[in-house]
Amino acid sequence: MSKELQREQKRLNGVMETIRNEIGKMEKETSRLKNEVVHIRKHFWDEVKVNTDTFDDFLETIIGLRQEAQALSVSQSTHRHSSKRLATLRRMEEIPYFGRIDFTEEGTSAPEPIYIGISSLVDAEGEDFLIYDWRAPISSVYYDYQPGPAMYRTPGGPIEGNLEKKWQYLIRRGVLQSMFDTSLTIGDEVLQQVLGKGTDKHMHNIVATIQQEQNKIIRHDRGRLLIVHGAAGSGKTSAAMQRIAYLLYKYRDQLNTDQIILFSPNKMFSSYVSNVLPELGEENMQQATFQEYLDHRLSKEFDVENPYEQLEYVLTATNAPFYSSRVAGITFKASVQFFEAIQSYTKSLKSSGMVFKNINFRGEPLVTSQQIADKFYQGSTKFHSRLDQLKDWLLKQIAEAEKLEVTKPWVQEEIELLSDEEYHKAYTYLAEKKGYKGEAIHDYEIEDEGLARLVVRRKFQPLRKRIKAYHFVDIKGIYRQLFTDHTLIDQLYAGGIPEEWPDLCVLTVNMLDDGKLYYEDATPFLLLKELIFGFQSNSSIRHIVVDEAQDYSTFQFEFLKRLFPAARMTVLGDFNQAIFAHASETVDFHRLTSLYGPEDTEVINMARSYRSTKPIIEFTRRLVPNGERIIPFERNGDRPVLTQLKDQTELHRCIASKVDELRSQGYQSIAIICKSAEESLKAYHSLSGIEGIKLIKNGSSEYEQGVVVIPSYLSKGIEFDAVLIYDASAEVYGEESLRRIFYTACTRAMHSLQLFSVGEHSPFLRNCIQEDLIQTESV
């Protein structure tokens, strides 16, 4: 071992001792705090004297309760912070630090060694930093500069100086395995080692291998909107997760994980990225899919189609009646013009067009929808004020109706049908209302009129609730009207409506009448509802991250902006993976810059791809327009292989054989990627002889390792050691509209990419074969 290595190992031994001592102290402290929390919970009511006899006694009780609740809250918070620090220290025991810079600050003569890890650590005296957190301002020098002049920004202003040296360490369980000097960026040796590993069931933190372009994303701190456009495998999702960790560190007094939400493409992806923040000692942020939000808001009214059902239809139902009309409708309803049309429609409702429901009682209308409409349009106040006045007016109508119902025969029938328990409750309620208490209640003589009024009032209670919740407004009828009144769209929509509009209207109305909602109708319907009743916005959320942003329509982004008015937004995507039907041939994020305005928006492009070997990237970038802009990372491997087969029997035999071969080579995660869920199901049954094979379906919540059969669109954002494209034939991938789906599937592979084709191969492969970027063989 070299003297340098010995010296560094000696320092490392001292750091490890400090970490272990800290762990010992924190274990005792965490245990003590846990016992304190348990004790407060157990004896909570012993410490509170409950007395409500007088107002002063009541006030004293409230103050006592508040003090005890506050003590419990403080203890729980302290215990949580202690547990979090203990978990971080245990991770540091594995890898205490991974990098070092020797930095000479301007005005000083000697360089200071700065060691960088996942969290800070000070010596036993609390005077000197042994390790700096990777998010600390000075740590940015490690990621952004080569030896020479360097600077970093602090709250007090920029600090300039000279970066003398930059080192990387490979440490495992307190043993320094290797260290080396690096230059412009994080050394290829570490990246090669990390990328050369098999994939795990979780995405991990990348702090040891953050690249300069990723660091720019992580520490970006200007404006309302950051758009990250990155090639497949460029590390944009990883960088976004580290960005959240950085923001939580920088704004730790103002921001917590409850104020951040990640919109991920599906539950399986959420599972895949769930480990990143905990690895960095942070609690996980809220995660949801946009579909989950839509279901939360609409599932009581409709059976809402999900985006994957929509995509499955587009991929497999090409021969269905009205197919072209449905696809045209998907694009049309996703546009910013349709968003503006909904806004214009809502404004027009101030003068005409509102649809209401009858207020019925016992099967008979008390107030007709026409009477409600007439009353609404008599008003001259603002739209929402008119709705409030209408609600109050309807409640008065109900009160009047109650008086008339009291003497009707059905009331006496209801009284006679009351059970003993119901009668006793009614008796007690009426007695207490008259001032009878305790034993004196038995002196009360019930009055028939009082009991009748009570029965009628309780019968009207559900109706009052519905009126208070504005259920008399027929939102479904108002949205439906857009597709039944054929003069409306011409008045509202500035652009030319699709020629398929009449068929599109029939499809939409039929779904609404069946209590269903197409995915492309869900956000417009919800927007209309919000504009009529007032937005249910969430101002507590301070930051939202939208992954796979190319799958969102402009309409949906406009909606998110209004839903989270106080939030900053980080948007991640890849135009080449824009696989949903609403994505135009020239999809890009240009429209998004108008969301908050150019001055509040920054776009960062990530061209270098790290996921796959160089031969795989050389192949995949040839599949898409402008693919030459994608820069492969220098990692060697084999060329992708295309195997041409005569029939399905040969296909399944070859795939099974290839899976055995890949397993023997040590690959842990192998994906057989199909175009659609329909094709996946057929493939899964045909390949059921493969040991441990699993089928991934929409709704799967865990990212599975091993051998999986998965539709192309569910594989987005996830990587596998080896990918087998189930059938890359012209029959399956012949249409130009499928190019992006094909590209998405191929770019999931880290180390090995195998394509199979029953009969003639896809036209997408023609250039790759001519340029010898793919190895071909026949069976």
Side-chain angles (χ1 to χ4, degrees), residues 232 268 308 311-312 314-316 318 577 579 612 616 619-620 623 640-663 667 669-698 700 704-716 718-735 737-765 768-769 774-779:
M268 189 173 66
Y308 298 115
L311 186 56
E312 189 70 16
V314 172
L315 292 175
T316 62
T318 48
Q577 296 180 66
I579 62 176
S612 310
I616 292 175
F619 162 72
T620 54
L623 297 174
V641 178
L642 170 65
T643 306
Q644 209 150 349
L645 308 131
K646 294 174 185 173
D647 55 39
Q648 294 275 324
T649 305
E650 282 295 311
L651 171 68
H652 299 135
R653 185 187 63 76
C654 274
I655 288 178
S657 173
K658 182 54 70 175
V659 167
D660 286 342
E661 184 187 324
L662 291 166
R663 276 176 159 168
Y667 291 130
S669 62
I670 301 167
I672 300 161
I673 302 184
C674 302
K675 182 178 80 170
S676 63
E678 186 181 280
E679 187 182 62
S680 294
L681 186 60
K682 289 175 185 173
Y684 173 72
H685 288 308
S686 300
L687 297 167
S688 57
I690 296 173
E691 185 185 348
I693 192 168
K694 302 181 187 84
L695 175 65
I696 304 295
K697 295 184 275 191
N698 179 36
S700 297
E704 300 275 5
Q705 283 215 283
V707 181
V708 298
V709 180
I710 186 169
S712 55
Y713 48 80
L714 288 183
S715 69
K716 285 173 61 122
I718 299 174
E719 55 196 26
F720 304 91
D721 292 334
V723 164
L724 289 74
I725 303 297
Y726 178 71
D727 188 358
S729 66
E731 186 179 345
V732 178
Y733 291 102
E735 297 292 324
S737 61
L738 298 171
R739 183 178 287 276
R740 289 175 181 147
I741 279 193
F742 188 71
Y743 169 80
T744 301
C746 292
T747 53
R748 302 304 97 203
M750 287 184 70
H751 309 295
S752 175
L753 176 60
Q754 309 287 325
L755 300 92
F756 300 89
S757 172
V758 178
E760 186 185 348
H761 60 73
S762 167
F764 306 150
L765 299 173
C768 299
I769 293 169
I774 184 168
Q775 183 183 328
T776 57
E777 53 185 47
S778 297
V779 174

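Heavy atoms only: backbone and side chains are in, while hydrogens, waters and symmetry mates are out.
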* Among all residues two or more places apart in sequence or in another chain, which pass the ring pair (Phe, Tyr, Trp, His ring centres under 6.0 Å) test with Tyr743? -> none
* **Main-chain N/O of Leu642 paired with Gln775 side-chain donor or acceptor, under 3.5 Å** => no
* For Ala749 and Ser752, which heavy atoms make the closest approach, and how far apart are they? -> CB-O, 3.4 Å
* Is any side-chain heavy atom of Glu731 less than 4.5 Å from a side-chain heavy atom of Val758? -> no
* To do: Search all heavy atoms of Ser680 against all heavy atoms of Ile710 and return the closest pair with its distance.
  => OG-C, 3.5 Å
* Asked: Is the closest side-chain donor-acceptor distance between Glu777 and Thr643 under 3.5 Å?
  -> yes
* Asked: Sequence neighbours excluded, which residues qualify as ring pair (Phe, Tyr, Trp, His ring centres under 6.0 Å) partners of Phe764?
  -> Phe742
* To do: Output all residues satisfying side-chain contact (heavy atoms from CB on, under 4.5 Å) with Val732, sequence neighbours left out; order by chain, then residue number.
  => Lys675, Glu679, Asp727, Ser729
* Structure fact -> All heavy atoms of Ala722 vs all of Tyr667, minimum pair found to be CB-CD1, 4.4 Å
* **Set of residues satisfying salt bridge (Lys or Arg N to Asp or Glu O under 4.0 Å) with respect to Glu650, sequence neighbours excluded** => Arg653
* Asked: Got Leu765 and Thr776 here, is their nearest side-chain heavy-atom distance under 4.5 Å?
  -> no
* **Closest non-hydrogen atom pair, Leu755 against Cys746** => CD2-SG, 4.1 Å
* Output all residues satisfying side-chain contact (heavy atoms from CB on, under 4.5 Å) with Cys768, sequence neighbours left out; order by chain, then residue number. => Phe619, Arg622, Leu623, Leu773, Ile774
* Can you measure from CG (Leu645) to CD1 (Ile655) and round to the nearest 0.5 angstrom? => 8.0 Å
* Structure fact -> Closest heavy-atom pair, Tyr726 versus Leu651, reported as atoms and distance to 0.1 Å, is O-CD1, 3.2 Å
* Shortest non-hydrogen contact from Ile673 toward Ser712 -> CG2-CA, 3.7 Å
* **Check: Ser676 side chain, Glu312 main-chain N or O, donor-acceptor pair, under 3.5 Å** => no
* To do: Apply the side-chain contact (heavy atoms from CB on, under 4.5 Å) test between Ile670 and each candidate in Val723, Val708, Leu724; give the one that qualifies.
  => Leu724
* Heavy-atom donor-acceptor pair, Ser669 side chain to Asp721 backbone, under 3.5 Å -> yes
* Structure fact -> Distance col, row Asn698:CG vs Met268:CE, nearest 0.5 angstrom, shows 9.5 Å
* For Glu661, enumerate each residue passing the salt bridge (Lys or Arg N to Asp or Glu O under 4.0 Å) test, keeping only those at least two apart in sequence or located in another chain. => Lys658
* Asked: With sequence neighbours excluded, what pairs up with Lys697 under the side-chain contact (heavy atoms from CB on, under 4.5 Å) test?
  -> Leu695, Ser700
* Phe756: partners by ring pair (Phe, Tyr, Trp, His ring centres under 6.0 Å), with sequence neighbours left out -> none
* Listed by chain and number, what are the salt bridge (Lys or Arg N to Asp or Glu O under 4.0 Å) partners of Arg663, not counting sequence neighbours? -> none
* Structure fact -> Output for pair (Ile741 CD1, Gln577 CD), nearest 0.5 Å, gives 11.0 Å
* Looking at CG of Leu753 and OG1 of Thr620, how far apart are the two atoms once the value is rounded to the nearest 0.5 Å? -> 8.0 Å
* Asked: Which residues satisfy the salt bridge (Lys or Arg N to Asp or Glu O under 4.0 Å) test with Lys716, sequence neighbours excluded?
  -> Glu548, Asp551
* Output all residues satisfying side-chain contact (heavy atoms from CB on, under 4.5 Å) with Glu735, sequence neighbours left out; order by chain, then residue number. => Ser737, Leu738
* To the nearest 0.5 Å, how far apart are NE2 in His751 and CG in Leu662? -> 11.5 Å
For residues 682-692, dump all side-chain donor-acceptor pairs below 3.5 Å to protein atoms at least two apart in sequence or in another chain.
{"residue": "Ser686", "atom": "OG", "partner": "Lys682", "partner atom": "O", "Å": "3.0"}
{"residue": "Ser688", "atom": "OG", "partner": "His685", "partner atom": "O", "Å": "3.1"}

